[in-house]
Amino acid sequence: MIDADLMALFTTLKMATISTIILLLLGTPLAWWLANMQSKVKVIFEAIVALPIILPPTVLGFYLLIAFAPQSTLGQLWLQLTGSPLAFSFSAIVIGSVLYSLPFVVQPLQRAFEQLGDHYLEAATMLGAKPLDRFFSIVLPMTKASFITAASLGFAHTVGEFGIVLMIGGNIPDQTRVLSIAIFDHVEAFEYAQAQALSLSLLLASFVLLTLVYLLNYKKVSR
Amino acid sequence: MTELLINLTSKKTPTNKQFSLAINQRIENKGITGIFGPSGSGKTTLLRAIAGLEQHLQGEINFNGKTLLNTNNKIFIKAEQRNIGLVFQNSRLFPHLSVYENLIYAQKRSKKSTLNIDKIIVLTELKNLIHKQSQQLSSGEQQRVALARAILAEPQLLLLDEPLSALDQRNKGKMLTLLIKIQQQLNIPMLYVSHSLAELQQSADRLLVLAHGKVIDYGNIHQVIHRLNEQPTDINIHQQTSLALVVKQHDKTHGLTELQLNDQHSLYMPLLNAQQYKQGNSLRCFIFASDISITLQEPFNSSIVNHLKGKITQVSMSTNKQAVLLAINCVQHTFYSQISLMSYKKLNLTQGLKVFIQFKASAIKTLTNSTTQNHIITEENGC
Amino acid sequence: MLISYLRLFLLTFFTLILSSINSTQAAQPLRIAVSSNFAPVLKQLLPEFNQQTGVATQIISGVTGGLYQQIKYGAPYDVFLAADSLRPQKLAQENLIIPHSRKTYAFGQLALYSAKNPKLSWHNLKNITDNKSKRLAIANPKTAPYGKAAQQCLIKQGLWEQLKNHLIIGNNIGQTFQQVRSQAVTMGIVAYSQLKLNKLTGSLLPKNCYSPIKQQLVILKNTSQLEKSQQFSNFLLSSKIQQKIAQFGYLTKANTDD
C-alpha cells in the first residue's frame, strides 16, 4: 500500500468512528422517540428514516451538495461559524455518512426498544428512577447487544459508503478521499493490483468486524 | 391526615369506549386495604392511577394532604416522585442484575435509606438467594425479591397488584404470611389488589369492592364480606362468615385448636401449627355458609364439635330460588348459613326465631389450611 | 445525566467544527481536478512540474460531468482538466473561472479496439457488424464527448441505424474501455490514449469523421493559488509537454490541422 492509500484508510477510519459516535448520540433518542410514539404519524417518520436505504446515494449526495454549497443557507452559516466552506470538507462527509447510515442505527435500536417494552421501566420508575437514570440503568444494559449491532452496522456501512462521499467530499486526498473512492480511482486508472489489495483489506476488515459483532451477539443470546 | 382521596373518571377516548371508571372514594392510609372485584372492574387501573402510571384519567388524587393529580389544575406528580411502591403481578425483576443488585437498585434510589438491607434480606428470607440471577428463581422466590425490592425503596404506600396470582397454593400462604408480617413490622400502609377474596379476607383490614369501574362497597373487611353475602347482585362470592378470633390454645391430644369467641364460648378447628399461630394472637378465618347447618334443638352427642345458639336476623332467597341464606346472630357475631329450600320450609324458619347453628371443626378455614379456593364464583371455578 | 449527554454531544460537534478549521490552515497543495481519462497521463507528467517549480500537487480524478457539478457547488479545486470543451465553456458562462484561462490542452482521438482481434480495422467494421451477435461498445453520446464523436463516425459510415439498438453504452469512455478490455464486449470505440497507455493496439478512426474532441483546462475562480495555477497551465501547454501528451495518443495544437 502506498502512502496515499494509507491516508485514505486513515480518513476512512476517522470518518467512520466520528460518524458512528454521532449516529449513536443522534440515533438513540430518535429510535426511542419512534419506539414510544403512539400516533399514526409514526409511520411517516419511520419512512423518512428508512429513505436512505432506497434512495440512490448519488441522489442524496446531490441534494446534500446543494445544501452544503457556500451559496446555501446552511453553507453560509457553516462558513460564518467555522471560516471554511462545508461542502468538500471532512465535516461534510461525516454529516453525509450520518444521514446515509441513520436507518442502520435507528432501526435495530428502535426494534430493541420496542421489544423491551415498558415492563421493566415501570418497575424502575416505581423504585424512584428518573427517565435518564432508567435509560442508563435499565434500557442500555438490557439492549446492549442491539447497541453493538447498531454501532457496527453504522460503522461498516459508513466505511463502505461511496456515492455520497464522492459527491460531497470531492475526493480530496488527505481530507475526503476515503478507501472506497481510492479503490474506485485505482480501477479507473487501471491500477488493478492496488485496487485489489485495497479491496481485499477492506473486505477482510469488514468481515472481521462483522464476525466479531455476530460472535458478541451469539454469546449474549446463548448465555 | 393519613388518607388517600380519589376522585377519578376515565377520559372518553375513541379507543376506550366500553370501559369507564368513576371512583370517588376516601381510603384510610393505614394497615392493609384490599381492593376486590372481578377482572375488568378497574382494580388495576385504579392502582396504576395511584402509582402514576396511568395517564388517561381525569380528576384528582390526594395522598396524605399532597396533591398527586389534579387534571383541572394540570398537576401531575410523576410516578418516580410519588414515593409510592408497586409490586407487580409478574415480579419484573431486572434480568441483567442479580437478586442482590436488584435490591441495591432500590436502596440506592430511596430518598430515606433508613432500612438496613441485610435486615430486609433476613425478613424476606432471601439470604440463600442473593447471588442468584432472577431467572434462576422460582416464581415464589421472585415475588419475595420483588417485595423486598419494593420495601427497600421505602415508600409511604405500597401497592400490590395481584402479588400472589402467579404462585401455587402452598407459596400463596407463605407469601401472604410474609406480607402481613412485613406490614406489621415496618408499618407500611398497603393497597392490595386481588380477585381472590380469601387472600384479602386473610390479610386486609378494610375492603374496597369494585365492579364495572365503580365502588360497590368500602369498609371493615368482615362487614363488607358479610354485606356481599346478603347482596349478591354484581359480585357472587362464596357466601361465608368472616372472623378474626384469638387463638386460645392448641389441644394436641384432641387435634384441635381452640379459638375464643367470647369469655364463655369457643370454636374448635383442626390443630394449627403452634409455631406459626401463637397463642393469644388473632387468627383470620372463614366458614362457608354451606358448611353451617341449623337445628331447632340443641345438638346432643354429635360428632360436630361446634354449635352455638342464636337468633335469625335475616332471611334471603338465592337468585335461583333453590337455597336460602340465613343470617344468625350468636354471641355478638353474625354467622351465615345456607340451607335448601326444602329444609327452610320443613323447619318453618322465620326472622327472629331462636335456632342452633352447627358446623364441623374442619369447616373453619384459613388460607393456609383451606383446599377450597375462596374467590369470585365464575363459570370456570364455580363450586 | 441529561447534561452529561448534551455535553458529550456538543463536544463531538465542536470537535468536528474545529477539525474543519484546522484543516484549512495547513499549506495547501495545488489541487488539480482531472477527467479520469487524462489522469494517468497527468500522473506521469506531474513529477517534472513538481521538480521544476517546487509546487506540490494533488490529483482529484473523476468524471468530467461530476467534477463540473462539484465545482459549481464550491469544490476547492484550483485547476480543472476536462475531457471536453462543453463544461469549461459552461463554467466560463457561469463566471466560475479566471477570465481567459480556458485553454485546449489536448485533442482526443478515437480508435476501434477488440481484445480478441487486435488486427480488427475500422474499414472492415461494416463486414463484421453484419453478424448480429457481435456487439459494439461506445461511450454515452449524450454525456461523454468520446461517445458523441463515436456516434458521428458511425452515422458517417452509415452504420448508426443498423447498430443503434445493439450498442453497449458506457457511462464514460473509461467504462467502455473496461468493457472491451475485459472482453465483456467483443469490440468498442475507445480513446486512443487508453490503448497507448496500456500498450495495446487498435485501429485509429479517421480524423475527419468526427468533430475534434477538444479537452480544455480552466483555472477556477475560487483558487487561492492563482500564480501556481498559471504556472501549471503554462507547463501543460509548453511545447515540450505537448509533445509528450502527443506520445500518449492525443493530438495537440502542433499536430492538428486546424
Side-chain angles (χ1 to χ4, degrees), chain A residues 24 28-29 31-43 108-151 213 215-223, chain B residues 13-15 44 47-48 50-56 77-98 101-113 133-136 142 145-161:
Chain A
L24 287 176
T28 307
W32 185 258
W33 183 65
L34 283 174
N36 289 290
M37 204 169 178
Q38 303 289 326
S39 154
K40 279 178 188 149
V41 192
K42 176 177 175 166
V43 290
L109 291 183
Q110 188 190 338
R111 239 164 285 139
F113 294 157
E114 281 166 354
Q115 242 172 39
L116 180 67
D118 48 16
H119 265 60
Y120 296 110
L121 291 173
E122 282 185 353
T125 305
M126 294 316 294
L127 298 173
K130 293 189 175 70
L132 239 82
D133 182 10
R134 297 201 286 269
F135 179 79
F136 286 107
S137 64
I138 307 294
V139 179
L140 200 61
M142 284 188 71
T143 56
K144 201 166 72 192
S146 297
F147 269 93
I148 294 169
T149 306
V213 169
L215 190 74
L216 265 167
N217 268 349
Y218 178 77
K219 268 189 190 161
K220 188 89 190 167
V221 169
S222 62
R223 199 174 70 170
Chain B
T13 60
T15 52
T44 296
L47 208 65
R48 288 174 61 86
I50 296 166
L53 297 174
E54 198 66 46
Q55 310 259 345
H56 302 287
I77 305 292
K78 285 181 185 157
E80 64 264 29
Q81 287 163 352
R82 292 190 178 189
N83 204 9
I84 290 174
L86 175 53
V87 175
F88 298 89
Q89 189 170 350
N90 42 1
S91 56
R92 303 196 189 180
L93 300 182
F94 305 131
H96 60 292
L97 301 178
S98 71
E101 287 164 337
N102 264 280
L103 299 181
I104 289 288
Y105 188 98
Q107 201 198 27
K108 252 169 51 185
R109 287 161 181 80
S110 160
K111 288 180 184 75
K112 285 183 275 183
S113 293
Q133 289 300 120
S134 53
Q135 299 97 310
Q136 296 171 286
Q142 284 185 16
V145 178
L147 180 63
R149 188 177 69 172
I151 291 164
L152 279 165
E154 299 183 49
Q156 285 178 288
L157 170 67
L158 183 62
L159 310 173
L160 302 144
D161 186 10

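Model, not experiment: these values are computed from the prediction.
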- Could you list the residues that satisfy ring pair (Phe, Tyr, Trp, His ring centres under 6.0 Å) with A/Tyr120, not counting sequence neighbours? none
- Task: Check the pair B/Leu53 / A/Met126 against side chain to side chain contact (heavy atoms under 4.5 Å, CB included), numbers first and verdict last.
- Result: CA-CA 9 Å; B/Leu53 297 174; A/Met126 294 316 294; 4.1 Å; yes
I'd like to know whether [atom1] of [X] has more than 12 heavy-atom contacts from other residues, nucleotides or ligands below 6.0 angstrom.
X	atom1	result
B/Lys78	NZ	no
B/Lys112	NZ	yes
A/Gln115	CD	no

- Message: Between A/Lys130 and B/Gln81, is the side chain to side chain contact (heavy atoms under 4.5 Å, CB included) condition met? List the steps.
- Response: CA-CA 8 Å; A/Lys130 293 189 175 70; B/Gln81 287 163 352; 4.1 Å; yes
- Query: With a 4.5 angstrom heavy-atom cut-off, which part of B/Arg149 approaches chain A: side chain, backbone, both or neither?
  - Reply: both
- So which heavy atom on A/Leu127 is nearest to which on B/Ala150, and how close? CD2-CA, 4.1 Å
- Task: Sort by residue number and list every member of residues 86-96 of chain B having a non-hydrogen atom under 4.5 Å from chain A.
- Result: B/Leu86, B/Phe88, B/Asn90, B/Arg92, B/Leu93, B/Phe94, B/Pro95, B/His96
- Query: Looking at CZ of B/Arg109 and OG of A/Ser137, how far apart are the two atoms once the value is rounded to the nearest 0.5 Å?
  - Reply: 4.5 Å
